[in-house]
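Here the structure is laid out as structure tokens; the discussion comes afterwards.
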Amino acid sequence: MNTAAAKHGLAEASYRPERADWTIDQGWQHYTAQEHAIWKTLFERQARLLPGRACDAFLQGMRDLAMTADRIPNFEQLSEVLMRRTGWQVVAVPGLVPDDVFFEHLAHRRFPAGQFIRKAHELDYLEEPDVFHDVFGHVPMLMNPVMADFIQAYGQGGLKARRQGMLEQLARVYWYTVEFGLVQQNDGLRIYGAGIVSSATESRFSVEDASPNRIRFALERVLRTRYRIDDFQEVYFVLQDLEELLALAQIDFSPYYEQVRGASSYAPGAIIAGDEVLHRGTGHYHAQKLRAADKQGEQT
Ligand code: HBI
Ligand code: FE
């Protein structure tokens, strides 16, 4: 087990993985009752929130995987179900892994999932992906054949984008789809992004709050849009349907890279000419935060 490395941040150059692919044993039998209890708290909270907010594919994936509230899933059992459905597996890693290692796993239909679970005092925010984010958030969508192909293509594309100096731009596509994507369903706007479905507060904010912009997904737009890693998103990009990801999995990004190479990037909260705006956000949430931070600054 390598929770110590995860806790201290794997970005530290001093950390050396035992295996070249950074995988570790999940060590399922070593999870404590307290750790299973944290899973249960998070699971039950999201299970209440997601009907009517998460997309049908996510909810269906969840049911088919038969994940339960009472314990952290065993990756081998999950992988058996996943493998039969879409040919994916879940492998354990200590936390964030280097980009090339991450891409290599995805390109081979292995999803690297954090082995550790967050502590009771960090239920709502943590910096590194843990087992709740990775397994509850990502794995249900990997049961969907379109998402399964798209994430594999992202792994293959990642290695290529790095060679072309376009990794920063490609990572924005992953961010605004796999992590924070919304999709238009017949019965309304729904969440499919793992960063949202694994967050109690953002699963409400993303679809219900008046503050963020909601804009139709467009590849060249997303390639140029910076994102926030420290708070709710200021913009969500909305797919017409999940099938749109299939086209994204199949096309060559090179012409798009050439189109945006050297171009300026857009601020997360910007609305630009050509956007198909579904909801023009009030910006209230982030403005309020800025005011609060300014006030704090005056006082100190
Ligand atoms: N490692 N375990 C893990 N999970 C991620 O989501 C992840 C990663 N390493 C790099 C990374 N994501 C991203 O920065 C790439 O998509 C660029
Ligand atoms: Fe994630």
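Here the structure is a predicted model, which means the values were calculated and not measured. Whatever order the structure lists them in is the order used to number ligands and atoms, beginning at 1.
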>> Looking only at protein heavy atoms, which one is nearest to atom 6 (O) of ligand 1, and what is the separation?
In response: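 Going by distance alone, atom 6 (O) of ligand 1 is nearest to Phe102 CZ, 3.4 Å.
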> At what distance is the nearest protein heavy atom to atom 10 (C) of ligand 1, and which residue and atom is it?
Replying inline: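 Going atom by atom, the protein heavy atom closest to atom 10 (C) of ligand 1 ends up being Asp99 OD1, 3.1 Å.
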> So, Tyr176 versus Phe217, ring centres under 6.0 angstrom or not?
Replying inline: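 No, the ring of Tyr176 stays outside the 6.0 Å limit from the ring of Phe217, centre to centre.
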> Under the side-chain contact (heavy atoms from CB on, under 4.5 Å) criterion, do Gln233 and Trp175 qualify, and how do the steps go?
Replying inline: CA-CA 10 Å; Gln233 301 306 304; Trp175 190 266; 3.1 Å; yes
> Is it true that Gly114 lies under 4.0 Å from ligand 1, counting heavy atoms only?
Replying inline: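 Flag not set, Gly114 not near ligand 1.
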> Is the closest heavy-atom distance from Phe103 to ligand 1 below 4.0 Å?
Replying inline: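 Distance cut 4.0 Å: Phe103 passes for ligand 1.
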>> Quick check on the Fe ion (ligand 2): does Glu179 put an N/O/S atom closer than 2.8 Å to it?
In response: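 Looking at Glu179, which is the residue asked about, there is an N, O or S atom under 2.8 Å from the Fe ion (ligand 2).
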> Of all the atoms in ligand 1, which lie at a distance below 4.0 Å from a heavy atom belonging to Tyr154?
Replying inline: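 That gives atoms 15 (C), 16 (O), 17 (C) of ligand 1.
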>> My understanding is that we take every heavy atom of each candidate and find the minimum distance to atom 2 (N) of ligand 1. Doing that for Ala113, Gly158, Gly95, Pro94, which one comes out nearest?
In response: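 The option holding the nearest heavy atom is Gly95.
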> Is it the case that one hydrophobic cluster holds both Val139 and Val81, taking links as side-chain heavy atoms less than 4.5 Å apart, direct or via other members?
Replying inline: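 Shared cluster, yes.
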>> Test of geometry: compute the angle NE2(His138)-the Fe ion (ligand 2)-NE2(His133) and round it to 10°.
In response: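 With the Fe ion (ligand 2) as the vertex, NE2 (His138) and NE2 (His133) sit 90° apart.
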>> Given Val146, which partner from the list Leu248, Leu245, Asp241 fulfils the side-chain contact (heavy atoms from CB on, under 4.5 Å) test?
In response: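 The single option meeting the side-chain contact (heavy atoms from CB on, under 4.5 Å) with Val146 is Leu245.
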> Parallel, tilted or perpendicular for Trp22 and Tyr15, by the 30°/60° rule?
Replying inline: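 Answer is tilted, since the angle falls between 30° and 60°.
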> Can you say whether the rings of His138 and Phe111 are parallel (under 30°), tilted (30 to 60°) or perpendicular (over 60°)?
Replying inline: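 Tilted.
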> With a 3.5 Å cut-off and no angle check, do the side chains of Arg226 and Ser265 form a donor-acceptor pair?
Replying inline: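 Checked: Arg226/Ser265 side chains pair up, N/O donor to acceptor below 3.5 Å.
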> For Val97 and ligand 1, does the shortest N/O to N/O distance drop below 3.5 Å?
Replying inline: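 Yes: some nitrogen or oxygen of Val97 is under 3.5 Å from one in ligand 1.
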